[in-house]
> 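Mind having a look at this structure? Questions to follow.
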Amino acid sequence: MAKFTKDMTIGQALQVDMNAAPVLMDIGMHCLGCPSAQGETLEEAAMVHGIPVEVLMEKLNEL
């Protein structure tokens with residue numbers, strides 16, 4: 001079973017594994033502590049940053 005899902009918020013993903021932070025920052029998500037990170041899903045964040053959600057999920061679930 002995947003550790004991360006596209007409907008998790010960024011905040012939830014960081015609670016699951018803090019090692020997600022460098023993965024997110026490497027693809028341009030530098031505002032991990034901002035309020036939108038607590039309500040924005042990984043899928044929404046990927047879309048905003050122009051990254052296919054499948055690519056993001058693969059990178060995160062390799063952790």
Side-chain angles (χ1 to χ4, degrees):
M1 182 176 189
K3 184 171 18 175
F4 298 96
T5 62
K6 65 183 182 179
D7 61 333
M8 285 180 153
T9 64
I10 295 169
Q12 289 170 327
L14 294 172
Q15 288 176 347
V16 168
D17 189 340
M18 283 301 292
N19 292 315
V23 173
L24 296 170
M25 292 186 74
D26 282 348
I27 61 172
M29 297 179 191
H30 299 282
C31 189
L32 300 179
C34 69
S36 66
Q38 300 308 309
E40 189 172 53
T41 66
L42 292 171
E43 183 173 34
E44 292 167 335
M47 182 181 66
V48 167
H49 289 87
I51 291 108
V53 69
E54 298 81 14
V55 171
L56 177 57
M57 296 292 81
E58 185 176 319
K59 289 177 183 280
L60 289 172
N61 284 307
E62 287 176 354
L63 295 175

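We use all heavy atoms of the structure for the numbers below, so side chains are in, but hydrogens, waters and symmetry mates are not.
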> What distance do Asn19 atom CG and Leu24 atom CG have between them, rounded to the nearest 0.5 Å?
11.0 Å
> Linking I/L/V/M/F/W/Y whenever any side-chain heavy atoms sit under 4.5 Å apart, do Val48 and Met8 land together?
no
> In Å and rounded to the nearest 0.5 Å, what is the CG to NZ distance from Leu63 to Lys3?
5.5 Å
> List the residues meeting side chain to side chain donor-acceptor pair (under 3.5 Å) with Asp26, not counting sequence neighbours, and say none if there are none.
none
> Taking all non-hydrogen atoms of both residues into account, name the closest pair between Leu42 and Leu56 and its distance.
O-CD2, 3.7 Å
> Please report the shortest heavy-atom distance between Gln12 and Asp7, naming the atom on each side.
OE1-O, 4.4 Å
> Quick one: CG on Leu60 to NZ on Lys6, what's the gap to the nearest 0.5 Å?
14.0 Å
> About how many Å separate CD of Glu44 and CD1 of Ile10, when rounded to the nearest 0.5 Å?
9.0 Å
> Rounded to the nearest 0.5 Å, how far does OG1 of Thr5 lie from CE of Met57?
7.0 Å
> Starting from Met25, can I reach Met29 by hopping between I/L/V/M/F/W/Y residues whose side chains sit under 4.5 Å apart?
yes
> How many angstroms lie between atom CE of Met47 and atom CD of Glu40, to the nearest 0.5 angstrom?
8.0 Å
> At their closest point, which heavy atom of Ala13 faces which heavy atom of Phe4, and how far apart are they?
O-CE2, 3.4 Å
